[in-house]
Undergrad: 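Attaching a single structure in structure tokens format; questions to follow.
Just so we're on the same page: letters track the sequence lines, and every chain starts at 1. What you see is a predicted model, and the numbers here were worked out from it, not measured in a lab.
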Amino acid sequence: MEYDFNNIERYWQKYWKTHQTFQADDITEKIKYYVLDMFPYPSGAGLHIGHPLGYIASDIYARHKRAEGYHVLHPIGFDSFGLPAEQYAIQTGQHPAKTTEINIQRYKEQLSKLGFSFDWSREFRTSDPSYYRWTQWIFIQLFNSWYDQEAQRARPIESLIEAFEKNGNQTIKAAGTTTNPFTAEEWKNSTKAKKEIILQNYRLAFRSKATVNWCPELGTVLANDEVKDRKSERGGYPVYQKEMVQWSMRITAYAERLLKGLDEIDWPEALKESQSYWIGKSFGARIRFELTKGNSIEIFTTRPDTIFGTTFMVLAPEHPIVNQITTAEHRLAVEAYIEEIKKRSELERLSDVKNVSGQFTGAYTLHPFTGKKLPLYLSDYVLANYGTGAIMAVPAHDSRDHRFAKRFGLEILEVISGGSDVQTEAHETKEGYCIHSDFLNKLEVKVAIKKAIEKIEEKGIGQGMINYRLRDAVFSRQRYWGEPIPIYYKKGIAVPLPEQKLPLLLPDIDKYIPTEEGEPPLRRAKAWAWDEKQQKVVNNELMDEIQVFLLDTNTMPGWAGSSWYFLRYMNPKNEERFVNQQAENYWQNVDLYIGGAEHATGHLLYARFWHKFLKDRDWVSTEEPFKKLINQGMILGNSAFVARVNGTKKFISAGLVKNQDVQELHIDIQLLKHGDELDVEKFKKWRPEFAEAELILEGGKFFCRRKVEKMSKSKYNVINPDEICEKYGADTLRMYEMFLGSLEQSKPWNTQGIIGVHQFLRKFWRLFHSTGVFHTDQEPPTAEESKVLHQAIKKIRKDIENLSFNTSVSAFMIAVNALTALKCCKRIILEPLVILIAPFAPHIAEALWQRLGHEDSVSLARIPNHDPQHLVEEIIEYPVMFNGKLRFKAHFQANIPTTEIEQQILKYPKIQDYLNGKTLKKIIIIPKKVINIVL
RNA sequence: GCCCGGGUGGUGGAAUAGGUAGACACGCAGGACUUAAAAUCCUGUAGUUAUUGUGGCUGUGCGGGUUCGAUUCCCGCCCCGGGUACCA
């Protein structure tokens, strides 16, 4: 009987579905294992061959863990709020929920064809009201919490209010926006509105006026991680800095814990490093410089040791003090400069970092130690939202200050010896010792930093401090397709909705664009007001500012829903709580998380932040959400290009292009014949504008240029998994994607080798068949057959554990080749192999398992252990002479003492041959590997 | 610029507490079976050289070093991929 993969796969996919083979329980006695994929955003393009890579890997691992006896949670869902669906809605007027639903159905269909062992009963979407109800709930908890820096944890806002009532904000150490000190009396005498303004400085979800990334094209603000190269990550539209009142998340309160937590999780080093860089902890000092006119300016520096090298000061143009300190004769120039900076940022400051700009304010500060007058400049190389927005410039030891000094002809004063000439180049390394530095002279940099901080604190002009690059995350979006923020505004005070009234449902609106007044789309909703008495959403006309108030018109960002979804899978149907406490206690956190590295500073950071917050408030029991994480590499496409002579209809074959002025156009890879040759007929039919194309051939053929790049619909290099499944079957596709190379590496898709994996599966199938019918033998195995099996078990189990799936596929091939050669069809050898291969190729395994007479699914069978008895290791006959030494390799069981090995070696006949007539000087035994015998 | 990852046959890739480099697979060449094809099976396949039936030499991006021994460790370069961008 032939290996009819199409029927087999269809049958078993249906079987798993009807039997709910992979459904997990919320709690059991068994040890848990939680394998999670980053859930997909269902885009309109459907899945391409690259998407399933991570899912296949996680599925193999999940199935393997089940076979090892773990109780495995392997869920899937959809990250269904997001920009593309909304952009599409704006263009077509179609409700994003509709397009999203269509896309999800397509995804589900494609996913089901690959035979994943997902527990579909736990599926949900982030746009389900029953899900986002809890996203809104978490938001309210964040709103009602503050971060106690003494206790290093978040606490309910009531405890902060209590503290204020007792002692004002004098004694409390809370993470927050800097606020003026107040006493208990002052607090008690404040109005409700005033109190709320103060509290906003401490809440973990808070409203504040801040410089944000504004993207006019998308009509919304964006978080830092959503901006790449001053363009929006989605769509690539320009992003500008703008002052706006926005909701933010006080992630900075968790900076230290987010950094420290990296030590305890098993993540790729590269990813940890990028998070750690994003958090950007630096040690330094805050130093106050007095102005000649009585004001003072605080700066932050990591190099207080270079304080004597300060020759000028620089402020960010947006610094609030600028107006106060600018002298009359410089006012015009300063205002012009600030204006210019604003304009420049609108013109997108063409990344001309080297181009120095700045403006003198006319003001001077006094050096705190020497009393020297230091001119005060403005420049856009100083950022308003890092440190204090002001710096002491040390041109001799900072390249940016150096550039600035050169441009404006300022003094460059060397204070750290050991570099080259500081007049031509800054000496930035922390090597050397201090000179021209009074009390720091002759000290090494590291010592000098400490000493300088000591002196600064002694003098009362500043203190040592730790600074983080991490910024609070802007949380509101002026968009429609997201979770509504469950807040209404009562006389300007933000009030959260009662928890039991959640979810606050996303209203229907007529158009998905901002209002004519430029307000967010939700302002278009007819019923978007909260009636405090009735506790429900009512029509806007009823708004009276007494009982009925306007709801927040912002929505949450894409990362809100994905910051806690892994918790919901533990107990997805719960209507009382975001996750049942027992279920949370049982499943704890994700043991293995597989997904792309592009989420390093977005999702993976926010999810850790929320998780730590939930831990602080005792809603979850673990500190970190994802114990082990693997980034799967991308599968790249091999794009094809045709070269068109600019402004003509003439196309030139790739080999003839040379230096001609051509434009390269992506063409569909379906238009290629074999290799790089273009199918001219198909090409001419592909697009009407190519119908009359004039093609310059090369030896009668037209060749395309190829390039490996990201697989994407717009590059016409997409390979659809459905086609591969049809032709070779899902099992082949699964194994081939693993066989292609290591999971973490990016690699171009290449169909060439797939036949090898397919042939392997057919060969495996044939092991169980003779002359067309299913046939196995009951005979006991020979030693050789046992060895093949047990070697395979040992190697494959080890490789799966290391997530080295490519080498485990090879191990299968070796075993099957060996058994084919041995003509082995013994049940006792073959049956364990079926269990072993099931995680990789589940359909064929099920089909064979059934034919072997089992009634249950092979997915419920336990994976066999290798028996070391069958793997007795022995001396390999491989003695070689070199450099006067006899070298050979031997394998021993690890626990044999070395003296024993020596004796055995000497007994070995070949050794005796070599020793013939010579005396033995020394035996060097390198454990487990090689033995050198000196004659 | 800075940080991370990686350069191994015609191709995808194995092998790193240093120990037969090229597992496994594709492709290619030859053969068996067949009227033929498909399918299947077998043999060969880093390069080079020779006294071509068991050898020699060269080979893991380049140049050095440590070592009896280096794809693996160290130093200095080159190239490719990814991340990041004035963070004081």
Undergrad: Please work out whether the ring planes of A/F369 and A/H367 are parallel, tilted or perpendicular, with thresholds of 30° and 60°.
TA: tilted
Undergrad: Rounded to whole angstroms, how far apart are NZ on A/K795 and C1' on B/C24?
TA: 10 Å
Undergrad: Ring centres of A/Y736 and A/H758 under 6.0 Å apart?
TA: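 So the answer is no for these two rings.
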Undergrad: I'd like to check A/L258 versus A/I251 (side-chain heavy atoms, cut-off strictly below 4.5 Å). Are they in contact?
TA: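 Answer yes - side chains close enough.
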Undergrad: Rounding to the closest angstrom, what is the interatomic distance between B/C77 and B/C28 at atom C1'?
TA: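 Per the computed distance, 37 Å lies between those C1' atoms.
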Undergrad: Which is true for A/I299 with a 4.0 Å heavy-atom rule: it touches a base, it touches only sugar-phosphate, or it touches nothing?
TA: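 Answer is nothing: A/I299 stays at 4.0 Å or more from every strand.
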Undergrad: Of all the heavy-atom pairs spanning A/L440 and A/C434, show the shortest one and how long it is.
TA: O-CB, 3.2 Å
Undergrad: Can you check whether A/H769 and A/Y3 have ring centres sitting under 6.0 Å from each other?
TA: no
Undergrad: Starting at CZ of A/R469 and ending at C1' of B/C86, how long is that distance when rounded to a whole Å?
TA: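 Going from CZ in A/R469 over to C1' in B/C86 covers 11 Å.
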Undergrad: What is the separation between atom CZ on A/F812 and atom P on B/A23, rounded to the nearest whole Å?
TA: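 Rounded to the whole Å, the gap is 21 Å.
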Undergrad: Searching all strands shown, indicate the nucleotide that pairs with B/A14 (Watson-Crick or G-U wobble; both distances under 3.5 Å).
TA: none
Undergrad: May I ask which nucleotide in the shown strands pairs with B/U66, Watson-Crick or G-U wobble, both distances under 3.5 Å?
TA: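 Base-paired to nothing in any strand shown.
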Undergrad: Given the ring of A/W267, does A/R608 sit roughly above its face, with NZ or CZ under 6.0 Å from the centre of the six-membered ring and within 45° of the axis?
TA: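 Yes, A/R608 sits over the ring of A/W267.
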Undergrad: For the aromatic rings, using the six-membered ring if either is Trp, is the centroid distance between A/F404 and A/Y377 under 6.0 Å?
TA: yes
Undergrad: Rounding to an integer number of angstrom, what distance separates B/G1 and B/U49 when you compare their P atoms?
TA: 43 Å
Undergrad: Just the rounded figure in Å: distance from P of B/G82 to CD of A/Q275.
TA: 21 Å
Undergrad: Does B/U51 pair with anything, Watson-Crick or G-U wobble, both distances under 3.5 Å, and if so, with which nucleotide?
TA: none
Undergrad: Could you grab the distance from atom NE2 of A/H402 to atom CG of A/L410, nearest 0.5 Å is fine?
TA: 11.5 Å
Undergrad: Between B/C62 and B/G7, how far apart are the two P atoms, rounded to whole Å?
TA: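 The same atom, P, in both gives a distance of 13 Å.
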Undergrad: Consider the side chain of A/S742, meaning its heavy atoms from C-beta on, and name the nucleotide among B/A14, B/A88, B/C24 that approaches it most closely.
TA: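 When the side chain of A/S742 is considered, B/A14 is the closest of B/A14, B/A88, B/C24.
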Undergrad: If we take the P atom in both B/G59 and B/U54, what is their distance in whole Å?
TA: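 It works out to 24 Å between them.
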Undergrad: So, applying side chain to side chain donor-acceptor pair (under 3.5 Å) with A/R471, which one of A/T252, A/N385, A/N224 is it?
TA: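 One option only clears the test, and that one is A/N385.
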Undergrad: Give me the distances for all protein-to-nucleotides 38-43 of chain B N/O pairs that come in under 3.5 Å?
TA:
{"from": "B/U40", "atom 1": "O3'", "to": "A/R766", "atom 2": "NH1", "distance (Å)": "3.2"}

Undergrad: Is there a Watson-Crick or G-U wobble partner for B/C28 with both distances under 3.5 Å, and if so, which one is it?
TA: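 Per the H-bond distance test, B/G44.
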Undergrad: Please tell me which of the listed nucleotides, B/C24, B/A88, B/G12, lies nearest to the side chain of A/M813?
TA: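 Of the candidates, B/C24 comes closest.
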Undergrad: Take the protein atom NZ of A/K747 and the nucleotide atom P of B/G12, then report the distance between them rounded to whole Å.
TA: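 Nearest whole value for this atom pair: 13 Å.
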Undergrad: Does a side-chain N-to-carboxylate-O contact under 4.0 Å join A/R288 and A/E298?
TA: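 No, A/R288 and A/E298 are not salt-bridged.
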Undergrad: Is B/G5 paired to anything, Watson-Crick or G-U wobble with both distances less than 3.5 Å, and if yes, which nucleotide?
TA: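 Answer to the pairing question: B/C80, which forms a Watson-Crick or G-U pair with B/G5.
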Undergrad: 5'-most contact on RNA chain B: A/I754 or A/G389, nearest heavy atom basis?
TA: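 The residue mapped nearer the 5' terminus is A/I754.
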Undergrad: Suppose you measure atom P in B/G55 against the same atom in B/G44; what distance do you get, rounded to whole Å?
TA: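 To the nearest whole Å, 15 Å.
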Undergrad: For RNA chain B, find the residues of residues 800-809 of chain A with a heavy-atom distance under 4.0 Å and give them by number; none if there aren't any.
TA: A/N806, A/T807
Undergrad: Identify the two heavy atoms, one from A/G595 and one from A/M38, that lie closest to each other, and give their separation to 0.1 Å.
TA: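 Distance-wise, the nearest heavy atoms are CA-SD, 3.5 Å.
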Undergrad: Under 4.0 Å, counting only non-hydrogen atoms across every strand here, what does A/R286 touch: a base, just sugar-phosphate, or nothing?
TA: nothing
Undergrad: By the rule that syn is within 90° of 0, classify the base conformation of B/G63 as syn or anti.
TA: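 Anti, which is what one calls it when the glycosidic angle falls more than 90° from 0.
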Undergrad: Any cation-pi pair here, A/R734 with A/F840, using under 6.0 Å and within 45°?
TA: no
Undergrad: Consider side chain to side chain contact (heavy atoms under 4.5 Å, CB included). Of A/L761, A/N806, A/I60, which one does A/M735 pass it with?
TA: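 Among the candidates, only A/L761 passes.
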Undergrad: Who is the Watson-Crick or G-U wobble partner of B/U20, with both distances under 3.5 Å?
TA: none
Undergrad: Quick one: pull up OG in A/S437 and CD1 in A/I416 and give me the separation to the nearest 0.5 Å.
TA: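 Output value for this atom pair is 6.0 Å.
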Undergrad: From NZ of A/K272 over to C1' of B/G82, roughly how many Å is that when rounded to an integer?
TA: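 Whole-Å distance recorded here is 19 Å.
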Undergrad: Can you tell me which nucleotide in B/C26, B/A88, B/C24 comes closest to the side chain of A/F739?
TA: B/C24
Undergrad: Is the shortest heavy-atom distance from the side chain of A/L376 to the side chain of A/F312 under 4.5 Å?
TA: no
Undergrad: Roughly, in whole Å, what's the span from CG in A/N631 to C1' in B/G82?
TA: 11 Å
Undergrad: Could you give the distance separating B/U71 and B/G19 at their P atoms, to the nearest angstrom?
TA: 10 Å
Undergrad: Roughly how far apart, to the nearest Å, are B/G12 and B/A21 at atom P?
TA: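 Result for the P pair: 23 Å, nearest Å.
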Undergrad: Could you tell me which nucleotide pairs with B/A88 by Watson-Crick or G-U wobble geometry, both distances under 3.5 Å, or answer none if nothing does?
TA: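 Its partner: none found.
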Undergrad: Between B/U66 and B/C74, how far apart are the C1' atoms? Round to whole Å, please.
TA: 7 Å
Undergrad: Output one letter per nucleotide in nucleotides 1-11 of chain B: B when a protein non-hydrogen atom lies under 4.0 Å from the base, S when only the sugar-phosphate is that close, - when neither is.
TA: --SS-------
Undergrad: Report the distance from atom NE2 of A/H402 to atom C1' of B/C86, rounded to the nearest whole Å.
TA: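 It is 16 Å, rounded to the nearest whole Å.
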Undergrad: Please determine, for the side chain of A/L740, which listed nucleotide (B/C24, B/A88, B/G12) has the closest atom?
TA: B/G12
Undergrad: Look at all strands and tell whether A/V382 reaches a base, only sugar-phosphate, or nothing, counting heavy atoms closer than 4.0 Å.
TA: base
